[in-house]
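Take a look at the structure below.
In listed order, ligands and their atoms are each counted from 1. The residues of the chain are indexed from 1 along the displayed sequence.
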Amino acid sequence: MDEKKKKSKAAPIAGANDRVCEHLSFAAKEAFKRLRTNLMLKVPEGDRCHIVGVTSAQPSEGKSTIALNLSYSLAELGKKVLLLDADMRRPSIHLKARIERTPGLADLLGDSNSITACVRKYQSSKNETVFDILPGGNIPPNPSELLNSRRMATLLKTLRSAYDFIIIDLPPVGAVIDAISVSKNTDGMIVVLRENHCPIGVFKDCVAQIQEANVPILGFVINGALEGSGKKYGYGSGYSSYKSYGGYYGNYYGS
Ligand SMILES: Nc1ncnc2c1ncn2[C@@H]1O[C@H](COP(=O)(O)OP(=O)(O)O)[C@@H](O)[C@H]1O
Ligand SMILES: [Mg+2]
């Protein structure tokens with residue numbers, strides 16, 4: 001490999017993904033608009049802020065990508081949105097949105113950092129769509145304790161008064177209790193399932209855990225589903241398809 005090629009390969013920020021928000025294809029943007037519409041139909045109307053968690057059974061199913069693009073899509077409508085990165089073990093929103101990771105949620109919960117010091121803005125390239133992001137912060141030794149703390153519940157109560165939507169990017173439900181702990185402070189959950197990624201039994205366990213915690217499931221996103229693949233997972237109704245694009249942002253099932 002020559003020097004020029006080496007340089008261009010090293011240029012992007014590690015893990016950063018340009019294919020988010022305004023950089024998505026038309027078809028992917030449409031898919032997120034449909035997800036936004038379906039979500040707005042599920043939550044009660046009125047002035048109240050809606051706190052929505054995004055989770056999945058396993059890592060890498062597309063939670064953070066979907067949480068970020070859903071936030072953008074809601075902000076495009078003029079909604080006041082906060083995207084909160086609560087995947088403290090593997091925070092990634094800062095990479096996708098190209099903002100600083102610290103200080104963030106872990107620092108806010110762990111010591112005396114102020115909300116204003118930790119919240120940053122996502123600004124579209126044309127400065128049109130803006131929403132707030134509370135990134136993960138310094139990776140703490142005790143994420144479960146922080147996420148399950150009274151301080152976390154109080155923080156969400158405080159933030160509720162300032163936004164129309166708070167979208168929480170959660171860890172997978174799988175091995176640790178973090179996602180279920182936070183879900184109890186939400187109004188409901190969106191569960192992401194990546195096509196050909198998660199064994200159906202693992203997915204069903206994830207759904208069962210959320211249901212056992214008595215947290216409403218607002219809907220499912222099938223990420224990476226090929227349009228017309230005819231695959232259904234036996235959960236929910238109100239299926240709406242979308243037009244696929246190169247990378248595919250999936251179908252949404254209202255529960
Ligand atoms: N529909 C999709 N098409 C192509 N790549 C995707 C899609 N959804 C997610 N990805 C990529 O897969 C990786 C994992 O996605 P991410 O949103 O970080 O997953 P999670 O938050 O569930 O761990 C990222 O590199 C992301 O850019
Ligand atoms: Mg993630």
Side-chain angles (χ1 to χ4, degrees), residues 9 12-36 52-73 83-99 101 104-106 122 133-137 139-140 143 147 167-176 178-183 186 189-199 202-203 205-207 209-210 219-229 231 233 241-253:
K9 215 177 172 193
I13 300 170
N17 180 3
D18 267 339
R19 302 187 77 186
V20 292
C21 304
E22 72 266 34
H23 305 292
L24 288 174
S25 69
F26 175 79
K29 280 184 188 155
E30 287 300 302
F32 281 108
K33 282 182 189 165
R34 224 158 7 242
L35 174 60
R36 170 185 77 191
V52 178
V54 180
T55 194
S56 66
Q58 295 189 324
S60 301
E61 298 212 53
K63 296 176 291 300
S64 303
T65 310
I66 284 162
L68 177 61
N69 288 310
L70 175 62
S71 300
Y72 179 82
S73 193
L83 170 60
L84 195 155
D85 192 342
D87 192 348
M88 284 187 181
R89 294 164 209 263
R90 279 184 62 193
S92 72
I93 293 294
H94 62 285
L95 291 171
K96 297 181 201 305
R98 299 187 178 226
I99 55 163
R101 174 166 57 87
L105 179 63
Y122 181 89
I133 299 181
L134 179 44
I139 294 170
L147 292 171
I167 306 296
I168 308 184
D169 181 27
L170 290 166
V173 167
V176 282
D178 301 6
I180 297 294
S181 305
V182 180
S183 73
T186 69
M189 303 282 274
I190 290 175
V191 183
V192 178
L193 173 66
R194 193 164 187 165
E195 178 104 320
N196 296 326
H197 182 81
C198 179
V202 178
F203 175 66
D205 280 351
C206 156
V207 171
Q209 282 193 61
I210 298 170
F220 299 93
V221 174
I222 313 299
N223 187 22
L226 287 165
E227 190 184 18
S229 66
K231 293 209 173 158
Y233 292 84
S241 71
Y242 77 106
K243 259 189 159 328
S244 61
Y245 84 116
Y248 314 118
Y249 284 88
N251 305 323
Y252 175 84
Y253 291 74

Q) Less than 3.5 Å between some nitrogen or oxygen of Lys63 and one of ligand 1, yes or no? A) yes
Q. How close do Pro171 and Asp87 get, heavy atom to heavy atom, and via which atoms?
A. CB-OD1, 3.6 Å
**Q.** Those atoms of ligand 1 less than 4.0 Å from some heavy atom in Ser64
**A.** 17 (O), 21 (O)
Q | ligand 1 to Ser60 polar contact by distance, N or O atoms, under 3.5 Å | A | yes
(Q) Considering Glu195, His197, Arg194, Lys96 one by one, which has a heavy atom nearer to atom 24 (C) of ligand 1 than any of the others? (A) Lys96
Q. How close do Leu134 and Gly104 get, heavy atom to heavy atom, and via which atoms?
A. CD1-C, 4.0 Å
Q) With atoms numbered from 1 as shown, which atoms in ligand 1 lie under 4.0 angstrom from a non-hydrogen atom of Asn223? A) 1 (N), 2 (C), 7 (C), 8 (N), 9 (C)
Q: List the atom of Leu70, the atom of Phe32, and the distance in Å for their closest heavy-atom pair.
A: N-CD2, 4.1 Å
Q: May I ask you to say whether Arg89 pairs ionically with Asp178, meaning some side-chain N is under 4.0 Å from a carboxylate O?
A: yes
Q) Looking at Glu61, which atoms of ligand 1 are within less than 4.0 Å of one of its heavy atoms? A) 19 (O), 20 (P), 22 (O)
Q: Measure from the Mg ion (ligand 2) to each N, O or S atom of Ser64 and report whether any distance is below 2.8 Å.
A: yes
**Q.** CG on Leu105 to CD1 on Ile93, rounded to 0.5 Å
**A.** 12.0 Å
**Q.** Atoms of ligand 1, numbered as shown, that sit under 4.0 Å from any heavy atom of Thr65
**A.** 9 (C), 15 (O), 16 (P), 17 (O), 26 (C)
(Q) I want to know if ligand 1 touches Gly62 in the polar sense, i.e. an N/O pair below 3.5 angstrom. (A) yes
Q: Could you check Ile210, Val191, Val207 and say which one makes a side chain to side chain contact (heavy atoms under 4.5 Å, CB included) with Val173?
A: Ile210
**Q.** Contact summary for Ala179 and Met189, nearest pair of heavy atoms
**A.** O-CE, 4.5 Å
